[in-house]
Amino acid sequence: NLVARLFTGTGIVDLGRSPRFDVEVSGGVVTLIPPDLTRTEPVGPYELVALLEGLPPPPIPPLPGDLALSVTELGLQSVRLREFSLGASVEAGAWTVDALTATLPGNTRLDLQGTLGQAAGWPIFDGRLVLDSQALDGFAALWTRPRDGNPLFGQSARLEAGLRLGVETVALQDGALTLGGANHAFALNAQLGSQRALSVSARLGTLDRAGSTALLALLPQGQGTARLLETFPRGSFAASVDAAIIDGLSLSSGAASGRWAPGGLVFDNLSVADYGGLSLDGEASLLGAAEVPQVAFTGDIALAQSAPVL
């Protein structure tokens with residue numbers, strides 16, 4: 001792995017009664033963390049997870065000061081950040097990130113603010129994240145494979161959440177996703193390192209046909225599901241939706257919670273008030289091999305006469 005760095009700029013260091021530095025740096029195409037050229041497997045951990053696990057702790061200079069950094073393109077393993085800009089100051093052993101901005105695929109704007117430090121060899125961050133995408137199909141290509149008639153084409157979305165990065169942990173808290181003109185709440189907690197695990201919760205509002213199709217397209221499917229399970233072999237989930245349209249049928253008041261592990265998927269609760277004339281409330285499981293799972297359901301099922309779901 002080769003690391004290319006080329007910066008130019010100016011720096012002032014005041015060594016008087018109140019020592020302090022002031023640095024302004026700019027660069028062209030800079031690879032800060034090179035991609036791992038030894039990885040050859042077609043299905044591996046999500047690049048973002050690999051990136052987070054490989055982030056070094058930030059250097060903490062002995063002097064307080066200010067840093068302004070601008071780079072045309074910044075490389076972090078396989079992630080490329082264009083029009084990267086950072087304004088930060090350091091004091092008392094921690095950085096204050098006043099503004100970090102960059103452009104991701106799909107004309108997606110990244111904005112980050114917060115405090116950055118280090119503990120046990122890991123970077124520690126506590127702040128706020130905003131992702132504003134004007135071409136969701138391009139942004140989603142980072143983790144999904146485009147399909148014919150891509151429902152994400154022409155769609156925009158905005159994500160805002162509290163971001164906390166700790167020792168082998170990352171969390172998105174009090175998250176808000178704006179998609180299809182509707183707002184949806186979510187949260188995510190991930191355990192990194194050798195014992196990876198994921199916990200996700202979502203409270204979805206009312207999704208129209210376009211919003212329902214776009215949301216489903218954002219979820220990992222096929223090989224993406226295999227990558228998710230390899231990255232996080234264990235996890236838990238809790239989700240609910242007020243209304244949506246799935247495969248042309250209206251769904252109202254749906255909820256699901258449960259957990260997954262290498263042995264299969266378990267729903268502690270699975271309920272739908274109405275989906276094309278079908279309603280259910282109970283527990284379910286899909287155990288064994290994914291090709292031929294053992295499916296079980298315990299609870300109440302009701303089916304209206306001449307239900308559209310049939």
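- Surrounding CZ of Phe153 are at most 12 heavy atoms belonging to other residues, nucleotides or ligands under 6.0 Å away.
- A single hydrophobic cluster is not seen to contain both Leu218 and Ile245; linkage of ILVMFWY side chains at heavy-atom distances under 4.5 Å, directly or through other members, places them apart.
- The two atoms that bring Ser279 and Ala273 nearest to each other are CB-O, 3.1 Å, heavy atoms only.
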Donor-acceptor pairs under 3.5 Å, side chain of residues 161-190 to any protein atom, not counting sequence neighbours: which ones?
| from | atom 1 | to | atom 2 | distance (Å) |
| --- | --- | --- | --- | --- |
| Thr178 | OG1 | Asn183 | OD1 | 2.8 |
| His184 | ND1 | Gly205 | N | 3.0 |

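- A continuous path of ILVMFWY side-chain contacts below 4.5 Å connects Val49 to Val200, so both sit in one hydrophobic cluster.
- Distance check: Ile124 CD1 to Leu116 CG gives 9.0 Å after rounding to the nearest 0.5 Å.
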Steps toward side-chain contact (heavy atoms from CB on, under 4.5 Å) verdict (Ile12, Thr10): CA-CA 7 Å; Ile12 299 175; Thr10 61; over 6 Å; no
CA sep, side-chain torsions, deciding dist, call: Leu15, Leu63, side-chain contact (heavy atoms from CB on, under 4.5 Å): CA-CA 9 Å; Leu15 299 178; Leu63 298 179; 4.3 Å; yes
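- For the salt bridge (charged side-chain N to carboxylate O under 4.0 Å, His left out) condition, the pairs that include at least one residue of residues 253-282, sequence neighbours left out, are Arg259-Asp268.
- Side-chain contact between Pro123 and Leu55 is present, with heavy atoms from C-beta onward closer than 4.5 Å.
- Take Gln191 and apply the side-chain hydrogen bond (donor to acceptor under 3.5 Å, both in side chains) test, not counting sequence neighbours, and it matches no residue.
- Atom CG in Leu215 sits 6.0 Å away from atom CG in Leu204 (nearest 0.5 Å).
- Atom OG1 of Thr72 sits about 12.5 Å away from atom CG of Leu81, to the nearest 0.5 Å.
- Residues Phe232 and Arg196 approach most closely at CD2-CB, 3.9 Å, considering heavy atoms.
- To the nearest 0.5 Å, atoms CG (Leu280) and OG (Ser271) are separated by 7.5 Å.
- Between Leu249 and Leu278 there is no side-chain heavy-atom pair separated by less than 4.5 Å.
- When hydrophobic side chains of Ile, Leu, Val, Met, Phe, Trp and Tyr are connected at separations under 4.5 Å, Val266 ends up clustered with Leu287.
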Evaluation steps, side-chain contact (heavy atoms from CB on, under 4.5 Å), between Arg80 and Val29: CA-CA 10 Å; Arg80 314 300 297 184; Val29 178; 3.8 Å; yes
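- Here ring-ring contact (aromatic ring centres under 6.0 Å, His included) pairs that include residues 236-293, with residues two or more places apart or in two chains, are Phe237-Phe267.
- Here Ala239 pairs with Ala202 under the side-chain contact (heavy atoms from CB on, under 4.5 Å) rule; sequence neighbours left out.
- Applying the salt bridge (Lys or Arg N to Asp or Glu O under 4.0 Å) criterion to Asp66, with sequence neighbours excluded, gives Arg20.
- At least one side-chain heavy atom of Asp111 sits less than 4.5 Å from a side-chain heavy atom of Arg109.
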Donor-acceptor list for residues 82-95 side chains, cut-off 3.5 Å, not counting sequence neighbours:
| from | atom 1 | to | atom 2 | distance (Å) |
| --- | --- | --- | --- | --- |
| Glu83 | OE1 | Thr103 | OG1 | 2.9 |
| Trp95 | NE1 | Pro59 | O | 2.9 |

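- The shortest non-hydrogen separation linking Gly138 to Pro105 is O-CB, 3.7 Å.
- Atom CD of residue Glu53 and atom CG of residue Leu51 lie 10.0 Å apart, to the nearest 0.5 angstrom.
- Residue pairs that meet the salt bridge (charged side-chain N to carboxylate O under 4.0 Å, His left out) test with at least one member in residues 239-253, sequence neighbours left out, are Arg203-Asp242.
- Ser156 pairs by the side-chain hydrogen bond (donor to acceptor under 3.5 Å, both in side chains) definition with nothing, not counting sequence neighbours.
- Residues Leu251 and Val241 form a side-chain contact, since some pair of their non-hydrogen atoms from C-beta on lies under 4.5 Å apart.
- Looking at every heavy atom in both residues, Ala256 comes nearest to Leu270 through CB-CD1, 4.0 Å.
- Of all non-hydrogen atoms in Ala214 and Leu152, the two that sit nearest each other are O-CD2, 3.4 Å.
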With a 3.5 Å cut-off and sequence neighbours excluded, list the donor-acceptor pairs that the side chains of residues 303-310 form with protein atoms.
none

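- Checking side-chain atoms of Ser240 against main-chain N and O of Ala255 turns up no donor-acceptor pair under 3.5 Å.
- Taking each heavy atom of Gln118 and Pro57 in turn, the nearest pair found is CB-CB, 3.8 Å.
- Atom OG1 in Thr101 sits 10.5 Å away from atom CD in Gln113 (nearest 0.5 Å).
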Verdict with reasoning, Leu110 to Leu100, per side-chain contact (heavy atoms from CB on, under 4.5 Å): CA-CA 8 Å; Leu110 164 69; Leu100 185 156; 4.1 Å; yes
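- Residue pairs meeting the side-chain hydrogen bond (donor to acceptor under 3.5 Å, both in side chains) criterion with at least one member in residues 119-134, sequence neighbours excluded, are Thr108-Ser133, Asp132-Gln134, Asp132-Arg158.
- Taking hydrophobic clusters as Ile, Leu, Val, Met, Phe, Trp and Tyr residues chained together by side-chain heavy-atom distances below 4.5 Å, Val130 does not share a cluster with Phe125.
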Residues Ser199, Ser236; criterion side chain to side chain donor-acceptor pair (under 3.5 Å); working and verdict: CA-CA 5 Å; Ser199 176; Ser236 63; 3.3 Å; yes
